[in-house]
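Okay, structure first, notes after.
Heads up: numbering here begins at 1 and tracks the sequence. Note that the structure is a prediction, hence the values are computed from the model and not measured.
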Amino acid sequence: MSDPHRHHQHEVPYPDRSPAARRLRWAHRIAHRLTPHSHESADKLDPALESSARGLRALWVSLAVLGATALIQAAVVVVSGSVALLGDTVHNTADALTAVPLGIAFVLGRRAATRRFTYGYGRAEDLAGVVVVLTITASAVLAAWTAVDRLLDPRPVAHVPAVAVAALVGFAGNEWVARHRIRVGREIGSAALVADGLHARTDGYTSLAVLLGAGGAALGWRLADPVVGLAITAAIVLVLRDAAREVFRRLMDAVDPALVDRAERVLAEVPGVRGVGELRLRWIGHRLRAEVALVVDGEATVREAHRIAVAAEHALLHAVPRLTAALVHADPAPSPGEADPHLALAHHAAA
């Protein structure tokens, strides 16, 4: 009943003229004018485009930090000849490039919907999240393989102080990037950016492995590097589990149940709504869409039912963070002895 791409008129064509209804309309008009907002389709996209821009900025800033970190580590590798630090430097450089698929996803997500991609290109973020998870998996495999190799064939670590400093630089750079990406990703609702932040955190753990291994070597324990490497591999696997779960839930259209509860409460308070039927929320990239069926008075006119649907969408847009569109369907309240109007669709649902 409600078209999210139209400018909705909030005036009722045939208003209820009771004193209570007039007071309700005046209160709504005052609140509507005092609250800065818009429901034009172009204005709805502004916050979504801004969130994409924030995601891109987070990627480029973190890429610059990781690039500087890798350059510092590479310089120490040349001076020290540390094979462990060389592996960590190559690892950090390759993993910094995960910003590329995420950046492509954010750019694609800003494109308008087409007749083929009617929901737009927001799902590109979820595909980028899969790439990030696969990269974390490869990191875990590489860390485990290197640790086992060093365990079977221990090697001395030269220039321990320089290697330790470079390892600290690697950890600090990755941890800063991890916190920045995770914070921005959660603020704009991007599971892929959060997963990439968790990935950066695993790279910081790898750098700590180099530091701890160098410290153990300085104390004369040659197996320190591979033993710490195996411990860090276990930590990477734990981070991989969290990132994979986050991306899997997004791919399966999972949302926080608290959002569903909030939407139901808000809809139930809309004047004219007698009940809330089916309610669905789904992420498309870092934007939410809603589909809901409401129960209204069976004797309501089409215009009255549409007014209620518009009011319901209006309430959802204000109550649910990052919701950019809602499709609201109004069902008439059943009368005694009346057949279910959806009966003709039952065999399709069963299939």
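E304 places a side-chain N or O within 3.5 Å of a backbone atom of T301 that can act as its donor or acceptor partner. Using modelled atom types, no side-chain atom of D149 and backbone atom of W145 make a donor-acceptor pair closer than 3.5 Å. Formation of a donor-acceptor pair under 3.5 Å by the R287 side chain with backbone atoms of G109 is found in this model. Judged purely by atom type and a 3.5 angstrom limit, R262 uses its side chain to pair as donor or acceptor with the backbone of A319. Although no hydrogens or angles enter the test, the distance criterion places no donor-acceptor pair under 3.5 Å between the side chain of R280 and the main chain of R289.
Criterion: ILVMFWY side-chain heavy atoms under 4.5 Å apart, direct or through other members. Under it, V177 and I72 are not part of a common hydrophobic cluster. Criterion: ILVMFWY side-chain heavy atoms under 4.5 Å apart, direct or through other members. Under it, L323 and V255 are part of a common hydrophobic cluster. Under the 4.5 Å side-chain heavy-atom criterion for ILVMFWY residues, no single connected hydrophobic cluster contains both W283 and Y121. Connection of V100 to L134 is not established within any shared hydrophobic cluster, with ILVMFWY side chains joined at heavy-atom distances below 4.5 Å, either directly or through further cluster members. Cluster annotation: L56 and I104 are assigned to distinct hydrophobic clusters (Ile/Leu/Val/Met/Phe/Trp/Tyr, side-chain heavy-atom contacts under 4.5 Å, transitive).
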Inset, instruction - Evaluate the criterion salt bridge (Lys or Arg N to Asp or Glu O under 4.0 Å) for residue pair R307 and D297; output intermediate values, then yes/no. - result: CA-CA 12 Å; R307 174 184 60 80; D297 185 357; over 6 Å; no
Inset, instruction - Could you check L251 against V130 for side chain to side chain contact (heavy atoms under 4.5 Å, CB included), going step by step and ending with a plain yes or no? - result: CA-CA 9 Å; L251 288 172; V130 173; 3.8 Å; yes
Inset, instruction - Evaluate the criterion salt bridge (Lys or Arg N to Asp or Glu O under 4.0 Å) for residue pair E269 and R265; output intermediate values, then yes/no. - result: CA-CA 7 Å; E269 296 172 357; R265 287 195 303 269; over 6 Å; no
Legend entry - Working for side chain to side chain contact (heavy atoms under 4.5 Å, CB included), residues V292 and L327: CA-CA 6 Å; V292 58; L327 180 63; over 6 Å; no
Inset, instruction - Carefully, step by step, assess V273 and V295 under the rule side chain to side chain contact (heavy atoms under 4.5 Å, CB included). - result: CA-CA 6 Å; V273 173; V295 179; over 6 Å; no
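Between L108 and A124, the shortest heavy-atom distance links the atoms CD1-CB, 4.0 Å. Nearest heavy atoms, G120 versus A113: N-CB, 3.7 Å. Here the closest non-hydrogen pair linking R123 and R250 is NH1-O, 3.3 Å. Among all heavy-atom pairs drawn from V276 and A268, the shortest one is CG2-N, 4.0 Å. Taking each heavy atom of L317 and A325 in turn, the nearest pair found is CD2-N, 4.2 Å. The heavy-atom pair separating A128 from A105 by the smallest distance is CB-CB, 3.9 Å.
Between R179 atom CZ and I182 atom CD1 the span is 9.0 Å, to the nearest 0.5 Å. From R201, atom CZ reaches atom CH2 of W176 across 13.0 Å, with rounding to the nearest 0.5 Å. Within the model, atoms CG of L59 and CG of L193 stand 5.5 Å from one another, a figure rounded to the nearest 0.5 Å. Residue H306 holds its NE2 atom at 11.5 Å from CD1 of I308, rounded to the nearest 0.5 Å. How far CG of L259 is from CG of L279: 10.0 Å, rounded to the nearest 0.5 Å. Atom CG in D256 sits 10.0 Å away from atom CG in L281 (nearest 0.5 Å).
Defined by atom type and a distance below 3.5 Å, a donor-acceptor pair is present between the side-chain atoms of S62 and R181.
When each of V260, V266, L267 is tested with E264 by the rule side-chain contact (heavy atoms from CB on, under 4.5 Å), just one qualifies, namely V260.
Side-chain contact between E299 and P332 is absent, with no heavy atoms from C-beta onward closer than 4.5 Å. With contacts defined as side-chain heavy-atom distances shorter than 4.5 Å, the pair D331/V296 does not qualify.
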Anything under 3.5 Å between a donor and an acceptor, one on a side chain of residues 234-249, the other on a protein residue two or more places apart or in another chain? List them.
residue: D242; atom: OD1; partner: R245; partner atom: NH2; Å: 3.0

